[in-house]
2 protein chains.
Amino acid sequence: MSLDQVLARIDADLDQSLDRLFALLRIPSISTDPAYKDDCRTAADWLVEDLASMGFEAGARETPGHPMVIGHGGEGGKHLLFYGHYDVQPVDPLNLWKREPFDPALEETPTGKVIRARGACDDKGQLMTFVEACRAWVAVNGKLPGRITMFFEGEEESGSPSLVPFMKENADELSAADVALICDTSMYDPETPAITTQLRGLLGEELTITGPDKDLHSGSYGGAAMNPIRVLSRIIASLHDEDGRVTVPGFYDGVEELTDELRAQWDALGFDADSFLGEVGLSVPAGESGRSALEMLWARPTCEVNGITGGYTGDGFKTVLPSKASAKISFRLVGQQDPLAIRESFRKMVEDMLPADCSVEWHGHGASPASVMSTDDPAYEAARQALSDEWPNEAAFIGAGGSIPIAGYFKSILGLDSMLIGFGRDDDAIHSPNEKYHLASFHKGIRSWARILAALDT
Amino acid sequence: MSLDQVLARIDADLDQSLDRLFALLRIPSISTDPAYKDDCRTAADWLVEDLASMGFEAGARETPGHPMVIGHGGEGGKHLLFYGHYDVQPVDPLNLWKREPFDPALEETPTGKVIRARGACDDKGQLMTFVEACRAWVAVNGKLPGRITMFFEGEEESGSPSLVPFMKENADELSAADVALICDTSMYDPETPAITTQLRGLLGEELTITGPDKDLHSGSYGGAAMNPIRVLSRIIASLHDEDGRVTVPGFYDGVEELTDELRAQWDALGFDADSFLGEVGLSVPAGESGRSALEMLWARPTCEVNGITGGYTGDGFKTVLPSKASAKISFRLVGQQDPLAIRESFRKMVEDMLPADCSVEWHGHGASPASVMSTDDPAYEAARQALSDEWPNEAAFIGAGGSIPIAGYFKSILGLDSMLIGFGRDDDAIHSPNEKYHLASFHKGIRSWARILAALDT
């Protein structure tokens with residue numbers, strides 16, 4: 001086993017790697033649109049054949065939706081479970097694309113060569129970095145470095161309806177792995193690779209306040225009738241105190257402070273809050289006082305109003321005193337916060353605030369806890385070192401403000417910790433027109449996985 | 001001049017009065033729908049001809065929209081300006097009507113005979129009560145009791161775009177009157193006639209709060225980026241104090257307490273707040289503590305949120321952190337409150353509350369002061385006595401929570417006080433399917449005007 005030979009093979013084979021990626025990118029596997037159902041199947045079959053060509057025992061597994069692709073290969077050593085998804089987002093508005101979304105091409109840009117196509121980054125390009133690393137490894141060494149199970153989903157962009165049932169039905173097969181690898185995230189910046197070790201959870205709540213049992217005329221009733229928009233506004237206004245802390249009783253139970261080590265790593269990243277906020281027209285971090293912007297984003301829980309509506313919202317003016325007002329409110333959760341306990345406490349708090357004649361209806365929208373990986377497993381540090389060897393800057397353990405449900409499912413259903421390692425950039429325009437993936441992300445991504453395979457195998 | 005003879009003539013002529021009203025009701029003069037433009041003209045011409053037939057010098061006056069009908073008649077005595085409108089609301093949803101909306105008929109109901117048709121009450125039936133009273137007067141006495149100017153509008157149900165310009169252009173002609181009579185309101189209850197002597201004014205404001213300059217993902221930005229829904233909610237929540245008083249600085253400048261006389265009259269009405277609120281699913285008056293529900297509705301100013309919107313408001317959930325949130329807020333005004341001063345103070349209050357990185361855009365939606373008639377003119381008391389003579393209960397001077405702009409224009413443009421006297425009932429379903437006008441409203445309405453004409457002439 002020689003890592004240098006594998007890396008040399010990757011460099012030499014880059015054009016062929018690109019050809020294969022382009023072949024996959026040409027398949028319009030838009031999972032949410034029934035018109036592309038056959039294309040999703042074609043993409044799954046393409047992957048099965050590609051995995052089989054390098055010795056994987058691979059198959060497309062049926063689900064009520066699009067198939068899962070499972071491939072087992074190698075023996076001995078560490079057993080890795082690798083996850084990616086072969087489906088892509090829709091392409092509309094098509095008129096904003098500078099070229100056909102499913103006609104991939106290399107393109108020169110001021111920041112270097114990029115692969116332009118729907119799915120170039122999310123997630124076909126990312127997924128293929130790992131596949132190509134395995135191919136080079138097999139080409140040089142005649143076999144994989146250890147056991148590897150490939151797990152490719154075809155419904156990630158359409159809510160993953162089959163994912164949890166499939167994982168539960170196949171838990172024995174999938175949970176045999178030692179650790180999960182997920183390639184669907186970004187680097188910290190173009191020169192700094194990262195392993196995402198904490199993801200915020202998400203509790204979604206929708207509430208509708210009813211006052212009068214019908215819409216009223218504000219002239220005839222204004223002053224004497226309770227206005228549910230006023231009640232809802234008072235509730236929302238009470239959800240944060242003057243220091244920006246969330247006021248739901250017990251909300252901070254299970255929230256943990258950063259370890260000194262992680263805080264030092266994050267400080268070393270030199271996060272530029274001014275620039276981060278400046279890009280969206282803001283200047284002042286709006287969260288809890290005394291916390292850094294990066295802490296607010298990665299390590300602190302939040303309460304956001306994602307939508308509000310009530311009364312007349314069209315053009316002009318209508319003097320209605322509405323019967324109902326509603327809001328969608330979400331909480332991003334960290335550490336050991338219990339989403340169900342917070343839901344209960346939030347609902348009680350709101351119900352206690354309701355004035356006479358008002359009632360509330362609830363609609364829950366998911367409740368997932370934060371994912372916090374224990375980096376005690378030496379595999380994390382080994383992978384971090386391997387990434388650092390490939391890229392200009394040392395790799396960092398970072399957090400992510402959003403939720404990646406698959407990491408939570410790997411933990412809760414399969415008992416596996418996940419390493420989220422990806423090579424995307426923030427400006428890759430995933431989910432938008434003109435999606436791209438830097439050629440450097442693809443090439444050095446393949447090399448990064450080869451280094452990680454070497455590091456984890458030892 | 002014999003009032004008894006006039007009343008007898010009205011009774012004897014009722015069937016013919018109904019025939020004339022039905023002829024007018026058959027004309028579908030829906031002013032807001034261009035398809036009925038010719039019908040509006042037909043209704044105006046019908047009225048011109050009817051006025052001319054009893055000696056008025058009448059004509060349809062052109063406007064950029066539907067014509068105004070002006071008729072001058074009589075000489076000497078008090079000069080009255082009577083206002084009504086010949087246009088009607090649209091009829092949709094047509095399937096909820098129990099008969100054709102423009103095929104009027106008398107119908108027996110548990111509360112007595114009613115005239116069923118679009119416009120039966122609003123405002124053709126009401127308008128014709130005055131016309132028929134004049135007709136009977138002329139038939140008996142050979143002439144009107146004094147000078148009368150008729151002023152019928154054809155755009156009341158479509159925002160009255162031509163009204164103010166027309167009044168300004170014809171101010172000399174119209175302002176020669178001593179007092180204005182408006183027949184477009186309801187009785188206090190089916191047995192208690194009323195003269196509406198105070199109407200609340202209306203200030204409409206629309207504000208849009210902007211935080212980030214684009215919609216953000218609440219995972220990527222939540223915690224660090226300011227959420228404009230939260231800011232807007234805090235503003236709305238601050239608009240009332242714990243006693244239900246509006247907190248805009250200077251808001252209560254010009255608000256007057258009820259005179260003892262008016263308070264006694266209102267107390268005597270025996271307003272049933274439990275039943276009024278109970279009909280719309282409420283039980284507790286929601287306004288300023290220490291005020292009666294009737295006072296809240298007729299004599300106290302309010303602040304209502306008529307609409308609010310921000311972020312994602314469709315089905316399901318979207319973890320957006322929105323760029324903008326907006327609300328439509330109206331203030332009902334009483335006494336001498338100055339709408340423009342309140343607008344300025346409200347805007348300053350909001351702007352002072354904005355946190356860093358948030359801005360506000362304003363869109364004003366009208367600003368009209370309250371109309372408070374000085375009932376010192378003996379005509380008010382004379383009319384009240386005349387009404388009391390016709391109906392089971394004594395007539396009351398009442399307030400109205402809504403705004404009737406025409407009364408404000410008569411004061412500001414023509415310098416005229418108005419007497420708002422109408423015979424509608426709260427359940428007449430104006431603006432709704434199956435509009436009706438009680439035969440008693442029509443018949444005793446005509447008789448009421450005859451009595452008022454007699455009372456004002458002396």
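Source: prediction; values computed, not measured. Below, read A as the first sequence line, B as the second, and so on, with proteins coming before strands; counting in each chain starts at 1.
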Check your understanding: What residue, out of Leu239(A), Ile236(A), Thr210(A), has the most heavy-atom pairs lying under 4.5 Å from chain B?
Key -> Ile236(A)
Practice item. Please look at Leu282(B) and chain A and tell me whether the side chain, the backbone, both or neither of the residue comes under 4.5 angstrom of a heavy atom of that chain. Key: both
Point to revise | Under 4.5 Å from any heavy atom of chain A - which part of Ala225(B) | key: both
Study note, to complete from the structure: The reported gap from CD1 in Ile229(A) to OG in Ser233(B) (rounded to nearest 0.5 angstrom) is 10.5 Å
Revision key, fill the gap. If you tally heavy-atom pairs under 4.5 Å between each of Pro355(B), Pro301(B), Ala237(B) and chain A, the highest tally belongs to Ala237(B)
Check your understanding: For Asp352(B), does the CG atom sit with more than 12 other heavy atoms under 6.0 Å from it, leaving out its own atoms?
Key -> yes
Exercise for review: Select, from Pro228(A), Ser283(A), Gly366(A), Ala356(A), the one with the greatest count of heavy-atom pairs under 4.5 Å involving chain B.
Suggested key: Ser283(A)
Check your understanding: Should we say atom CG of Asp243(B) is surrounded by more than 12 heavy atoms from elsewhere, each under 6.0 Å from it?
Key -> yes
Check your understanding: If every non-hydrogen atom of Val284(B) is compared with every non-hydrogen atom of Asp357(A), which pair is closest and at what distance?
Key -> N-OD2, 2.8 Å
Exercise for review: Under 4.5 Å, counting heavy-atom pairs only, tell me which of Gly281(B), Ala327(B), Gly223(B) racks up the most with chain A.
Suggested key: Gly223(B)
Review point. Does any heavy atom of chain B fall under 4.5 Å from the side chain of Leu202(A), the backbone, both, or neither of them?
Key: side chain
Point to revise | Interface residues of residues 302-309 of chain B facing chain A - non-hydrogen atoms under 4.5 Å apart | key: Thr302(B), Glu304(B), Val305(B), Asn306(B), Gly307(B), Ile308(B), Thr309(B)
Point to revise | Choice from Ser292(A), Ser220(A), Gly219(A) maximising heavy atom contacts with chain B below 4.5 Å | key: Gly219(A)
**Study point:** Any donor-acceptor pair under 3.5 Å from Lys328(B) side chain to Gly311(A) backbone
**Key:** no
Check your understanding: When you look at CG of Asp426(A), are more than 12 heavy atoms from neighbouring residues, nucleotides or ligands closer to it than 6.0 Å?
Key -> no
Review point. Heavy atoms under 4.5 Å from chain A: which residues of residues 317-326 of chain B carry them?
Key: Phe317(B), Lys318(B), Thr319(B), Val320(B), Leu321(B), Pro322(B)
Review point. In terms of heavy-atom pairs under 4.5 Å, which option from Gly244(B), Gly402(B), Ser238(B) contacts chain A the most?
Key: Gly402(B)
Check your understanding: Do you know which of Met296(B), Arg234(B), Arg230(B) has the most heavy-atom pairs under 4.5 Å to chain A?
Key -> Arg230(B)
**Study point:** Residue among Ala293(A), Gly222(A), Ser403(A) with most heavy-atom pairs under 4.5 Å to chain B
**Key:** Gly222(A)
Check your understanding: Given that the side chain runs from C-beta out, which part of Glu295(A) has a heavy atom under 4.5 Å from chain B: side chain, backbone, both or neither?
Key -> neither
Review point. Do you know the tightest heavy-atom contact between His217(B) and Arg332(A)?
Key: CE1-NH2, 3.7 Å
Check your understanding: Which answer fits Ile404(A), side chain, backbone, both or neither, if we ask what part of it has an atom under 4.5 Å from a heavy atom of chain B?
Key -> neither
Study note, to complete from the structure: Between Leu297(A) and Ala224(B), the two heavy atoms sitting closest are CD2-CB, 3.7 Å
Practice item. Using non-hydrogen atoms and a 4.5 Å limit, figure out which bit of His363(B) sits close to chain A: side chain, backbone, both or neither. Key: neither
**Study point:** Which atoms of Arg300(A) approach chain B - backbone, side chain, both or neither, heavy atom under 4.5 Å
**Key:** neither
Check your understanding: Hey, what do you get for CD (Glu279(A)) to CG (Leu216(B)), rounding to the nearest 0.5 Å?
Key -> 11.0 Å
Check your understanding: Between Arg291(B), Met226(B), His365(B), which has the largest tally of heavy atom pairs under 4.5 Å with chain A?
Key -> His365(B)
Practice item. Look at Pro212(B), Gly287(B), Pro285(B) and state which one has the largest set of heavy-atom pairs under 4.5 Å with chain A. Key: Pro212(B)
Review point. Which atom pair, heavy atoms only, marks the closest approach of Gly316(B) to Glu206(A)?
Key: O-OE1, 4.0 Å
